[in-house]
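A short worksheet on the structure shown next.
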Amino acid sequence: MRNLTGALLAGLLSTTFVSADPVDDKLVLNEETTLVTRTAAPAHLSGVLDEVMSGWLFRGTETRAMQTDDFDNPGMIFVDKGEDSWNAVEGTEGKSCASCHGGSEDMAGVRPVYPKFNEAAGEVRTLEMQVNDCRETQMGADKWKYTGGSMANMTALLASVSRGMPVNVAIDGPVQSTWDEGKELYYARTGQLELSCANCHEENFGNMIRADHLSQGQINGFPTYRLKNTKLNSVHARFKGCVRDTRAETYKPGSSEFVALELYVASRGNGLSVEGPSVRN
Amino acid sequence: MRILGIAVVVTGLTALTVYAEETAPTAVSFTDGAVVQSLTGVSGDPVKGREIVGSKKMGNCIACHEITDLADVPFHGEIGPMLDGAGDRWTEAELRGIVSNAKMMFEDSLMPSFYRTDGFLRPGNAYTGKAADDTFGPLLGAQQIEDVVAYLSTLKD
């Protein structure tokens, strides 16, 4: 009987594979803000993709529902913790983030344009790099671990106040060489399995790889709360996991390679709404 | 035919009793993407091959391919072609070539090379994320390749 049930279950499962396309659904946040989860691809993807889609469209009904209401979104607990950090005085200068920046809601519009070029430093910076620079230079406080909890809470807070705004990273001017490097990494087939980001997320989004439904690998929803590990996951931690799964020697979170890859992948989602903290499986 | 059969059995027994004359991953000879010669001289076992194809810890072929014969193992991917009838579409030599290194036949194939040890970009130590060390070996052993080929040869329409 158990075998029969197993066979029936396998039968049911195999029939669901046929229609593994992204769902036709609208992401409305707290019954008031409609987020853009699919839109025309940015010009630099011409000939590659017509449309860019949020990973939200590739997840199951229950997972999607969790993200529509802040009371149901487990990631919002970490946004609250980020808010506490925002207002906490730390370091030798006796300042909090709020001392210079005001309320966290005043940071709306920051997340969508990162990574971006910092003129004074002459480098491309991720949001994490900028937060740590503020901590060290302005507050006289210790840096946070790049993919650690405090940092993820802060990036979740900064993403949350920009939800609904379109991702809009620059790809030209001073960032162009970094963007080019990121693009090269995106198409590089790494590891013993020789898989690039593009192999799965450009050529096969919508398809199943074993039990996983492949999305476009967009990062507009980061940091993302994953049901799999019940915590916030930063972009570089996710990149690392993906590269590891190609049986490769990974790059390090915060490395110049991952900064470049983040800029490039973010630019593939230009036009999608900032969703962080999103909910994924 | 019978003589050939006996010869194969004799070779197989010799290989088992002495040392398997395994072809090293770096010494596999491809002809138009196919590998004519057995990698071990020992006939593949289709029962073991079936297990390797379905197991996440071994070949995990169904991560990308659907196979009706393995419907008892849940979750088949849809990245690569369906493998029903593979034994009709390909000869044993072609299957051996595709499983060993599919890129010899299909240049841009997504399929990992299961019997190859060189030419990788940032090869790692399995799924640790760390660099490969001197334990680095092919994804499947020579006999496992033969077992998988034997199993795929049984998939007839």
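Below, chains carry the letters A, B, ... as their sequence lines are ordered, and counting in each starts from 1.
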(message) Between A:T246, A:I209, A:D212, A:T190, who has the most heavy-atom pairs with chain B when the cutoff is under 4.5 Å?
(response) A:I209

(request) Taking atom NZ of A:K231 as the centre, report whether more than 12 heavy atoms of other residues, nucleotides or ligands fall under 6.0 Å from it. (result) no

(request) Check the surroundings of atom CG in B:D133: do more than 12 heavy atoms from other residues, nucleotides or ligands lie under 6.0 Å from it? (result) yes

(request) Side chain from CB out, backbone as N, CA, C, O: work out which of these in B:T117 comes under 4.5 Å of a heavy atom of chain A, or both, or neither. (result) neither

(request) Report the distance from atom CZ of B:F120 to atom CG of A:L193, rounding to the nearest 0.5 Å. (result) 8.5 Å

(message) Less than 4.5 Å to any heavy atom of chain A: does that hold for the side chain of B:F114, its backbone, both, or neither?
(response) neither

(request) Measure across B:F75 and A:R210 and return the closest heavy-atom pair with its distance rounded to 0.1 Å. (result) O-NE, 3.0 Å

(message) Quick check on A:D24: does its CG atom have over 12 non-hydrogen neighbours (other residues, nucleotides or ligands) under 6.0 Å away?
(response) no

(request) Let me know if B:S109 has heavy atoms under 4.5 Å from chain A in its side chain, its backbone, both or neither. (result) backbone

(request) Identify the two heavy atoms, one from A:E194 and one from B:G119, that lie closest to each other, and give their separation to 0.1 Å. (result) OE2-O, 4.0 Å

(message) Closer than 3.5 angstrom, by distance alone: can the side chain of A:Q192 be matched with the main-chain N or O of B:G137 as a donor-acceptor pair?
(response) yes

(message) As an exercise, state the distance from CG of A:L195 to CG of B:L121, rounded to the nearest 0.5 Å.
(response) 11.5 Å

(request) Would you check if the side chain of A:E249 reaches a backbone N or O of B:R122 as a donor-acceptor pair within less than 3.5 Å? (result) no

(request) Using a cut-off of 6.0 Å, state whether more than 12 heavy atoms not belonging to A:E203 lie near its atom CD. (result) yes

(message) Check this for me: B:Q37, atom CD, are more than 12 non-hydrogen atoms of other residues, nucleotides or ligands nearer than 6.0 Å?
(response) no

(request) Look at atom CG of B:D88 and say whether more than 12 heavy atoms of other residues, nucleotides or ligands are closer to it than 6.0 Å. (result) yes

(request) Please look at B:K56 and chain A and tell me whether the side chain, the backbone, both or neither of the residue comes under 4.5 angstrom of a heavy atom of that chain. (result) both

(request) Just give me the residue among B:A132, B:G124, B:P138 that pairs up with chain A most often, heavy atom to heavy atom, under 4.5 Å. (result) B:G124

(request) Among the options B:I62, B:I79, B:N60, pick out the one with the most heavy-atom pairs lying under 4.5 Å from chain A. (result) B:I79

(request) First locate atom CE of A:M208, then atom NE2 of B:H76, and finally report the distance between them rounded to the nearest 0.5 Å. (result) 11.5 Å

(message) Looking at A:N281, I'd like to know if its CG atom is crowded, meaning that more than 12 non-hydrogen atoms belonging to other residues, nucleotides or ligands lie closer than 6.0 Å.
(response) yes

(request) State the CG-CG distance between B:L110 and A:N204, to the nearest 0.5 angstrom. (result) 6.0 Å

(request) Would you mind checking which part of B:N125 comes under 4.5 Å of any heavy atom in chain A, side chain (CB onward), backbone (N, CA, C, O), both or neither? (result) neither

(message) Can you tell me which of B:M111, B:K130, B:H65 forms the most heavy-atom pairs within a distance under 4.5 Å of chain A?
(response) B:K130

